[in-house]
Amino acid sequence: MVNSSQVSYFTLAAYLDSGDVKFLCFVVTALVYVGIVLVNTSLTVVICMNRSLHEPMYMFLLSLFVNELYGSTGLFPFLLVQILSDLHTVLAPLCFLQVFIIYSYGGVEYLTLAVMSYDRYVAICDPLRYKTRMTSKTVAALVALTWFYPCFMMVVLLSWASPLQLCGSFIKSEFGLK
């Protein structure tokens with residue numbers, strides 16, 4: 001089915017006209033984003049530079065840190081623009097891109113945590129064979145799987161959803177705000 005509604009942008013109703021408080025919200029949100037980027041980047045650099053940290057658990061932690069950078073970069077810049085904007089609209093392709101990023105971020109997060117729990121299970125329940133079961137190839141395959149599967153699924157789901165006919169371009173607030 002072809003998207004016959006021809007919606008090219010969405011209007012977001014959740015953002016209130018906050019007047020002078022919007023600059024305070026912008027500064028606080030920007031500081032949170034900068035903090036997230038600085039902490040995750042520094043942890044990523046520490047793990048990459050220190051050869052003694054090239055163990056399976058640290059590689060999974062590295063994947064989590066990179067995923068946090070990915071997810072926060074997919075959310076915060078758009079949020080900062082919307083806080084300062086008087087017109088709260090977003091182009092439909094950018095909205096779909098943000099949906100892709102946020103949902104794939106969540107999927108990678110959950111799968112990475114599951115893989116980390118498997119790693120701890122093997123380390124605790126089968127410690128003598130841990131080094132043979134959690135080789136660098138196994139770790140690389142698990143990390144690649146935790147990234148590939150959610151991204152692939154989101155491509156499939158969005159390719160199914162994007163051509164559907166839309167019922168409007170106004171997105172109401174979930175909290176009853178107008």
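Placement of L61 and Y110 in two distinct hydrophobic clusters is found when ILVMFWY residues are connected by side-chain heavy-atom separations under 4.5 Å, directly or transitively. Linking ILVMFWY side-chain heavy atoms closer than 4.5 Å, directly or via other members, places V66 and L53 in a single hydrophobic cluster. Under the 4.5 Å side-chain contact rule for hydrophobic residues, V108 and V156 share a cluster. In the hydrophobic clustering of this structure, M57 groups with L111; members are Ile, Leu, Val, Met, Phe, Trp, Tyr whose side-chain heavy atoms approach within less than 4.5 Å, directly or through other members. In the hydrophobic cluster analysis, where Ile, Leu, Val, Met, Phe, Trp and Tyr join through side-chain heavy atoms closer than 4.5 angstrom, L113 is grouped together with Y103.
The distance from atom OH of Y58 to atom CG of N50, rounded to the nearest 0.5 Å, is 9.0 Å. With rounding to the nearest 0.5 Å, the separation of CZ in F78 from CD1 in I102 is 10.5 Å. Atom CG of L145 is separated from atom OG1 of T112 by 9.5 Å, given to the nearest 0.5 angstrom. Taking CD of Q98 as the start and CG of L79 as the end, the distance is 8.5 Å to the nearest 0.5 Å. For the atom pair CD of E55 and NZ of K131, the computed distance is 4.0 Å after rounding to the nearest 0.5 Å.
A heavy-atom distance below 4.5 Å is found between the side chains of C151 and F100. Contact of the F60 side chain with the T146 side chain is not registered, since no non-hydrogen atoms from C-beta on lie closer than 4.5 Å. When side chains are defined from C-beta on, N40 does not count as touching L64, because their heavy atoms never get closer than 4.5 Å. L69 has its side chain within reach of T41: a pair of non-hydrogen atoms, C-beta onward, lies under 4.5 Å apart.
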message: Before you tell me yes or no, could you show the steps for Y33 and L75 under side-chain contact (heavy atoms from CB on, under 4.5 Å), namely the whole-Å CA-CA distance, both residues' side-chain angles and the distance that decides it to 0.1 Å?
response: CA-CA 9 Å; Y33 177 55; L75 175 69; over 6 Å; no

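Every residue was checked against the side-chain hydrogen bond (donor to acceptor under 3.5 Å, both in side chains) condition with K137, not counting sequence neighbours, and none meets it. Checked against ring-ring contact (aromatic ring centres under 6.0 Å, His included), Y118 has no partners two or more places apart in sequence or in another chain. Every residue meeting the ring-ring contact (aromatic ring centres under 6.0 Å, His included) condition with F152, not counting sequence neighbours, appears here in chain and number order: F148. The side chain to side chain contact (heavy atoms under 4.5 Å, CB included) check on F26 picks up L80, I83, L84, with sequence neighbours excluded. Annotation: side-chain hydrogen bond (donor to acceptor under 3.5 Å, both in side chains) contacts of Y70 (sequence neighbours excluded): S104. Considering only residues two or more places apart in sequence or on other chains, Y130 meets the side chain to side chain contact (heavy atoms under 4.5 Å, CB included) condition with P56, D119, R120, V122, A123, M134. For the salt bridge (Lys or Arg N to Asp or Glu O under 4.0 Å) test, no residue two or more places apart in sequence or in another chain qualifies with R51. Under the side chain to side chain contact (heavy atoms under 4.5 Å, CB included) criterion, L24 pairs with V28, sequence neighbours left out. For the side-chain hydrogen bond (donor to acceptor under 3.5 Å, both in side chains) test, residues two or more places apart in sequence or in another chain that qualify with T135 are T138. Remark: L157 pairs with M154, W160 by the side chain to side chain contact (heavy atoms under 4.5 Å, CB included) rule, at least two apart or across chains. In this structure, F65 has no ring-ring contact (aromatic ring centres under 6.0 Å, His included) partners at least two apart in sequence or on a different chain.
Residue P163 comes nearest to L158 through the heavy atom pair CD-O, 4.3 Å, listed as atom of the first residue, atom of the second, then distance. Taking every heavy atom of both residues into account, S63 and W147 meet most closely at OG-NE1, 2.9 Å.
No donor-acceptor pair under 3.5 Å is formed between the side chain of H54 and the backbone N or O of M49.
Listed by chain and number, the hydrophobic cluster partners of V34 are L38, where partners are ILVMFWY side chains within reach of under 4.5 Å, directly or through others.
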